[in-house]
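Throughout, numbering of the chain's residues begins at 1 and tracks the sequence. Because the structure is a prediction, the values reported are computed rather than measured.
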Amino acid sequence: QVQVVESGGGLVQAGGSLRLSCTASGLTFDSRPVGWFRQAPGKEREGVSAVGWSASARYYADSVKGRFTISRDNVKNTVYLQMNSLKPEDTGMYYCAADRPSGRSWYDVTGYRHWGQGTQVTVSA
């Protein structure tokens, strides 16, 4: 019943910006954990950023700290990932994942119940 959908990906030059959006049907994000993951060709899926159970909880991978910002809009039931100063190594398929139990790490791909199909982000050199 739950469907998670990502949008906002595209092709951008290094140093540019993109804003990804994650929405869901059948699930209210509210204070539920929502994570952003990415997967480059030939590499494993990795955590990028997440919001936790607490409204103030924000998590970032070291590789994106200072460049990416995650935020919630509960009115629109949307979680955003603002990506600035993009680098070619940021290229990959970006996935939104929603709803993980308390106690699971935000970057644990096995800890989320629902996943979107991904949106492609390509950063050219």
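- Within 6.0 Å of the CD atom in E46, the count of heavy atoms belonging to other residues, nucleotides or ligands exceeds 12.
- The backbone N or O of G9 lies less than 3.5 Å from a partner atom in the side chain of T119, making a donor-acceptor pair.
- No donor-acceptor pair closer than 3.5 Å links the side chain of R104 to the backbone N or O of D108.
- Among residue pairs with one or both ends in residues 7-22, none qualify as salt bridge (charged side-chain N to carboxylate O under 4.0 Å, His left out); sequence neighbours excluded.
- When all heavy atoms of A98 and V4 are compared, the pair lying nearest together is CB-CG2, 4.4 Å.
- At distances below 3.5 Å, at least one donor-acceptor pair connects side-chain atoms of T91 with backbone N or O atoms of V123.
- If you take NZ on K65 and OG on S49, they are separated by 10.5 Å, rounding to the nearest 0.5 Å.
- For residues 110-124, the salt bridge (charged side-chain N to carboxylate O under 4.0 Å, His left out) pairs, not counting sequence neighbours, are D99-R113.
- Between I70 and Y60, the shortest heavy-atom distance links the atoms N-OH, 2.9 Å.
- The side chain to side chain contact (heavy atoms under 4.5 Å, CB included) test applied to T28 returns D30, N77, not counting sequence neighbours.
- Screening residues 57-90 for disulfide (SG to SG under 2.5 Å) gives no qualifying pairs among residues at least two apart or on separate chains.
- A single hydrophobic cluster is seen to contain both W36 and V2, as judged by linkage of ILVMFWY side chains at heavy-atom distances under 4.5 Å, directly or through other members.
- Annotation: the span from C22 atom SG to D73 atom CG amounts to 12.5 Å, rounded to 0.5 Å.
- Using a distance-only test at 3.5 Å, with no hydrogens or angles considered, a donor-acceptor pair links the side chain of E6 to the main chain of Q117.
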Identify every side-chain donor-acceptor pair in residues 78-90 under 3.5 Å, counting partners at least two apart or on other chains, and give the distances.
from : atom 1 : to  : atom 2 : distance (Å)
T78  : OG1    : K76 : O      : 2.9
Q82  : NE2    : N84 : OD1    : 2.9
N84  : OD1    : S17 : OG     : 2.8
D90  : OD1    : R38 : NH1    : 2.9
D90  : OD1    : R67 : NH2    : 3.0
D90  : OD2    : R67 : NH1    : 2.7
D90  : OD2    : R67 : NH2    : 3.4
D90  : OD2    : K87 : N      : 2.7

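- The shortest side-chain heavy-atom distance between L20 and V121 falls under the 4.5 Å cut-off.
- Counting all heavy atoms, side chain and backbone alike, P101 lies closest to G111 at CD-O, 3.2 Å.
- Separating the CZ atom in R100 from the NE2 atom in H114 is a distance of 13.5 Å, to the nearest 0.5 Å.
- Within the hydrophobic cluster formed by Ile, Leu, Val, Met, Phe, Trp and Tyr side chains joined at under 4.5 Å, directly or through other members, Y112 is accompanied by F37, Y59, M93, Y95, W106, Y107, V109, W115.
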